[in-house]
Amino acid sequence: MIMDLGEVIAQSTWGGEGSSLAGLTDFWVFRFLLNILGYASIVVPAAILIRYIKRSNFLERTGGKGCVYDLVKACVYGTADELPTAQQDIEAPAPAPSRFPRWAILIFCVVGLQGSYLTWGVLQERIMRHEYGGTEDEPAEKFKNSQFLVFVNRILALTIAGVYLSIFRQPRHGCPMYKYSYASLSNVMSSWCQYEALKFVSFPTQVLAKASKVIPVMLMGKVVSKKSYEYYEYVIAALISVGLSMFLIAHGPDDEKKSTTVTTFSGILLLAGYMMFDSFTANWQAELYKYKMSSFQMMFGVNCFSCLFTSAALLQQGGFIEAFSFMIRHQLFAFHVFLNSICSATGQMFIFFTINQFGAMVFVIIMTTRQALAILLSCIIYAHPVSVMGGFGIGIVFLAMFLRVYASHRMKQKKVRQQENNTGVKV
């Protein structure tokens with residue numbers, strides 16, 4: 001039976017306990033619109049200014065020199081056209097040969113990635129789904145401002161990237177600064193949707209939803225771009241669909257009365273938003289890498305705009321006051337937020353290091369294993385009930401993901417061999 005809008009809002013926002021004005025302001029759609037208004041206060045004036053600069057030939061009128069010229073040139077036009085051809089082709093400096101054996105470096109990467117992101121996942125669920133306080137001195141309450149968590153993660157990542165760039169030599173920067181804002185905006189919104197979704201769905205459900213984003217990506221590629229896929233990709237998409245369906249069916253309405261892991265319509269919308277924004281971020285960053293920048297230059301540029309967007313929204317909504325007041329009342333929350341940010345920033349650094357040392361294939365295998373371990377850890381720590389059917393569903397999803405990695409690797413090897421046979425040159 002289809003519920004009316006009032007019932008959906010009441011159940012997804014207040015758990016059926018009745019509505020109030022305070023409850024309305026906590027409803028995720030209202031928060032989302034406020035965030036959009038906050039971002040727009042930065043985006044709209046900046047877009048008007050950039051349009052004016054480009055249409056009025058502002059650079060020519062500055063005489064081609066001076067600090068104003070350099071600033072406008074870097075922010076709006078970039079300096080890629082000024083780089084010599086040899087400079088344009090410079091990549092980030094290759095790492096110096098290590099004194100440590102390869103197996104030791106691999107273990108270091110595995111431990112770093114698993115430790116950072118497993119801890120990050122546990123803390124996300126603790127912060128967004130569980131109460132703080134609950135003693136005679138501290139009444140129990142939940143933290144509701146996902147935007148603040150995004151801001152703290154980004155400000156720490158920005159600091160780490162800035163320190164790294166100031167110490168180690170990098171390729172000369174040529175990308176117009178404003179282009180980072182597109183990836184930044186979508187990245188901020190995907191992170192906000194991810195945190196907000198945890199108010200409505202369990203962490204295992206969220207992890208499985210992330211694993212299944214290959215399905216909408218394939219559908220979009222087929223419909224919009226008329227892209228063709230290998231047969232094994234359709235099989236893998238079907239397996240993921242079956243596994244995810246088994247897990248969701250096993251955690252139906254009957255389980256909602258037994259536990260707090262409630263999958264709602266709001267949670268589904270937020271997860272869909274996360275996947276959409278995250279897909280755009282990845283594709284736009286791929287375009288930015290054509291400017292031959294290093295990973296830490298990308299990290300700095302994107303997080304710079306992310307801090308700008310989130311701080312503007314938080315200032316307009318009074319989010320900083322709300323968050324710092326919550327920290328004062330609950331010191332454990334402050335520790336969790338700080339540790340969560342440390343794990344997020346160090347995790348990004350381990351991503352860059354692992355891909356640099358061992359390539360994307362090893363990284364994907366490590367992170368796929370991490371997702372499976374994250375579900376197991378969440379179920380153990382927070383006592384999420386998993387039925388036999390739900391367990392089979394999880395197993396099918398991760399089996400499909402490992403098959404995807406293996407099949408993709410085999411297809412690449414096949415193409416390399418075909419190229420060698422056609423050209424007679426070993427690749």
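What's counted below: heavy atoms across the whole structure, side chains too, no hydrogens, waters or symmetry copies.
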- Item | Rounded distance (nearest 0.5 Å) linking atom CG of L315 with atom OG of S41 | 9.5 Å
- Message: Under a 3.5 Å distance rule, please check whether T354 uses its side chain to pair with a backbone N or O of I351 as donor and acceptor.
- Response: no
- Message: Looking only at the aromatic ring of each residue, does the gap between the centers of Y164 and F300 stay below 6.0 angstrom?
- Response: no
- Sort and list the pairs that fulfil salt bridge (Lys or Arg N to Asp or Glu O under 4.0 Å) and have at least one residue in residues 318-347, not counting sequence neighbours. R31-E322, E141-R329
- Item | Y182-F280 aromatic ring centre distance below 6.0 Å | no
- Item | I321 CD1: over 12 foreign heavy atoms closer than 6.0 Å | no
- Message: Run the side chain to side chain donor-acceptor pair (under 3.5 Å) test on H130 and Y382 for me, step by step, so that the C-alpha distance in whole Å, both residues' side-chain angles and the decisive distance to 0.1 Å come before the verdict.
- Response: CA-CA 10 Å; H130 296 271; Y382 299 113; 5.3 Å; no
- Task: Decide ring-ring contact (aromatic ring centres under 6.0 Å, His included) for F320 and F151; before the verdict, give the C-alpha distance in whole Å, the side-chain angles of both, and the deciding distance to 0.1 Å.
- Result: CA-CA 10 Å; F320 283 118; F151 169 78; 5.1 Å; yes
- Task: Determine whether the aromatic ring centres of F352 and F296 lie less than 6.0 Å apart.
- Result: yes
- Where do F326 and N145 land on the side chain to side chain contact (heavy atoms under 4.5 Å, CB included) test, with the steps shown first? CA-CA 10 Å; F326 197 93; N145 197 334; over 6 Å; no
- Item | Near-ring test F324/F148, centroid separation under 6.0 angstrom | yes
- Query: So, Q114 side chain and I366 main chain: donor-acceptor pair closer than 3.5 Å or not?
  - Reply: yes
- Item | Stepwise side chain to side chain contact (heavy atoms under 4.5 Å, CB included) test for I375 and C379 | CA-CA 6 Å; I375 291 179; C379 291; 4.2 Å; yes
- Verdict with reasoning, C304 to Y180, per side chain to side chain contact (heavy atoms under 4.5 Å, CB included): CA-CA 9 Å; C304 182; Y180 288 109; over 6 Å; no
- Task: For S378 and P204, indicate whether the former's side chain and the latter's backbone hold a donor-acceptor pair under 3.5 Å.
- Result: no
- Would you say the side-chain atoms of R129 pair up with the backbone N or O of K142, donor to acceptor, closer than 3.5 Å? no
- Message: Pairing donors with acceptors under 3.5 angstrom, does anything connect the side chains of S186 and W284?
- Response: no
- Under 30°, 30 to 60°, or over 60°: which ring-plane class applies to F333 and Y132, parallel, tilted or perpendicular? perpendicular
- Task: Please report the C-alpha distance between M299 and S295 in whole Å, then the side-chain angles of each, then the deciding distance to 0.1 Å, and finally whether the side chain to side chain contact (heavy atoms under 4.5 Å, CB included) criterion is met.
- Result: CA-CA 6 Å; M299 183 177 173; S295 297; over 6 Å; no
- Item | Donor-acceptor pair, side chain of K199 and main chain of K144, under 3.5 angstrom | yes
- Item | Sidechain-backbone polar pair: S344 side chain, N340 backbone, donor-acceptor under 3.5 Å | no
- Verify whether one side chain among Q147 and Q317 offers a donor that lies under 3.5 Å from an acceptor in the other. no
- Relative to F203, does R126 satisfy both conditions: NZ or CZ under 6.0 angstrom from the six-membered ring centre, and within 45 degrees of the ring's axis? no
- Query: In this structure, are over 12 heavy atoms from other groups packed under 6.0 Å from R55 atom CZ?
  - Reply: no
- Item | With sequence neighbours excluded, residues passing side chain to side chain contact (heavy atoms under 4.5 Å, CB included) with F402 | I365, T368, T369
- Query: T119 side chain to S116 main-chain N or O, any donor-acceptor pair under 3.5 Å?
  - Reply: no
- Message: According to side chain to side chain contact (heavy atoms under 4.5 Å, CB included), who are the partners of L399, at least two apart in sequence or on a separate chain?
- Response: L403
- Query: Can any side-chain N or O of R154 pair as donor or acceptor with the backbone N or O of L308 at less than 3.5 Å?
  - Reply: no
- Query: So, Q206 side chain and Q194 main chain: donor-acceptor pair closer than 3.5 Å or not?
  - Reply: yes
